[in-house]
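Chain naming here is simple, since letters A, B, ... match the order of the sequence lines and numbering starts at 1 in each. This structure is a prediction, so every number in the text was calculated from the model and none was measured.
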Number of protein chains: 2
Amino acid sequence: MPTQPTATAEDLLRLEHHVCFALQTASRAFGSLYRDALREQQITYPQYLVLLALTEHGELPVKRIGELLRLDSGTLSPLLKRLETAGLVQRTRSAQDERSVDVKLTAKGATRSTDSQRALRACAASLGLDPAELQVLQGMLQRLTDRLDAVTGGAVDPGTPVADN
Amino acid sequence: MPTQPTATAEDLLRLEHHVCFALQTASRAFGSLYRDALREQQITYPQYLVLLALTEHGELPVKRIGELLRLDSGTLSPLLKRLETAGLVQRTRSAQDERSVDVKLTAKGATRSTDSQRALRACAASLGLDPAELQVLQGMLQRLTDRLDAVTGGAVDPGTPVADN
DNA sequence: CACAATTCAATTGTGCACAACTAAGTAGTA
DNA sequence: TACTACTTAGTTGTGCACAATTGAATTGTG
């Protein structure tokens, strides 16, 4: 009976395929919801995350924002430029280390951050998701990410995760 | 004692924040791994998903590919053009309905699809993830996506999910 | 001190996701 | 049949993710 020799292993691999696709799909669906919720605030979700990080931590160098959000300068530089153009953040080259650029919220940015948090809170609350299940999901995602990071080299010193608000 | 009136509700909202960010992070980490695995095959992960859908279902109209992968023509048109330029797919306007464009794998595309599946299988297997946990995770992601779709309007008739290989 | 290696932000180029719109074909209906 | 709806791909424009490179500043070491 050589019919099912690698069936279990095959299923496993199929499953991992499913998970990667399901992950992307869920992420995009969530992003779509949050995009809608933030439209009125005139910012994108990645921009919101930056405002949130600055709200949480105060003035931060670009490098640190990148660690918190797992983004590099190729993504952050133009994003921060847009936020600065919108008058939400201010960038100043550090006096201690001229290579570094410190980013801080303007008054307008602080207000926008608060308003955006409120909008996303209302949006998330309306989903009526099960908190216990979300907690389990969050744990699984964390472990999965850690495992993936271990394989690929992964992220650099994320320190305190961003969204501890 | 008005100290903890909305604490539970607050925690819930924080958690949902966590989950959206964790989702994006895990998705990007997985994408990064698969990108590395596919580098040798000269295709990206979204391109791989198209090849996979065509391998599974045979010739498909662009519309159907979009339903399977939840992508619109703004994403698919240029992506398919790149695949066609690479000689992996062929596009032909349908005779029955001149609006529709049918996409099918070339011989080269079929080979590339097979090779890519092998590469991703090996990559996924090396992670050593727990199948039971993956199954649970997949179910949670599916339910979450369904819930999000219900709120935002969601996806259009995905039919058979793509990654049923 | 001089010089090599490293760090940090920015830039360039590619590809994906998505919104808005266009062009062309089809279907339904007065 | 003429005319309106709708459908299907494609195009344009914006923003994000990421690889690779550049330039300037700092650090480490001889």
With a 3.5 Å cut-off and heavy atoms only, can you find an N or O donor on one side and an acceptor on the other between the side chain of A:Thr44 and the base of D:dG15? no

Regarding A:Ser32 and B:Thr152, do their side chains bring together a donor and an acceptor under 3.5 Å, going by distance alone? no

Ignoring hydrogens and angles, state whether a donor on the side chain of A:Ser94 or A:Glu98 is under 3.5 Å from an acceptor on the partner side chain. no

Any chance the side chains of A:Gln24 and A:Arg28 put a donor and an acceptor closer than 3.5 Å? no

Does B:Arg28 put a side-chain nitrogen or oxygen below 4.0 Å from OP1 or OP2 of D:dC18? yes

Nucleotide C:dA17, atom P - distance to CZ of B:Arg70 in whole Å: 12 Å

What integer distance in Å separates A:Arg39:CZ from D:dG15:C1'? 13 Å

Could you check whether B:Ser100 gets within reach of a base, just the sugar-phosphate, or nothing at all, counting any heavy atom under 4.0 Å? sugar-phosphate

G-U wobble or Watson-Crick pairing nucleotide for D:dG30 (cut-off 3.5 Å, both distances): C:dC1

Just N and O in the side chain of A:Arg99: are any of them under 4.0 Å from OP1 or OP2 of C:dA10? no

Tell me, yes or no, whether the heavy-atom count around B:Gln41 atom CD, taken from other residues, nucleotides or ligands under 6.0 Å, exceeds 12. yes

side-chain N/O B:Lys81 vs D:dT11 OP1/OP2, d < 4.0 Å: yes

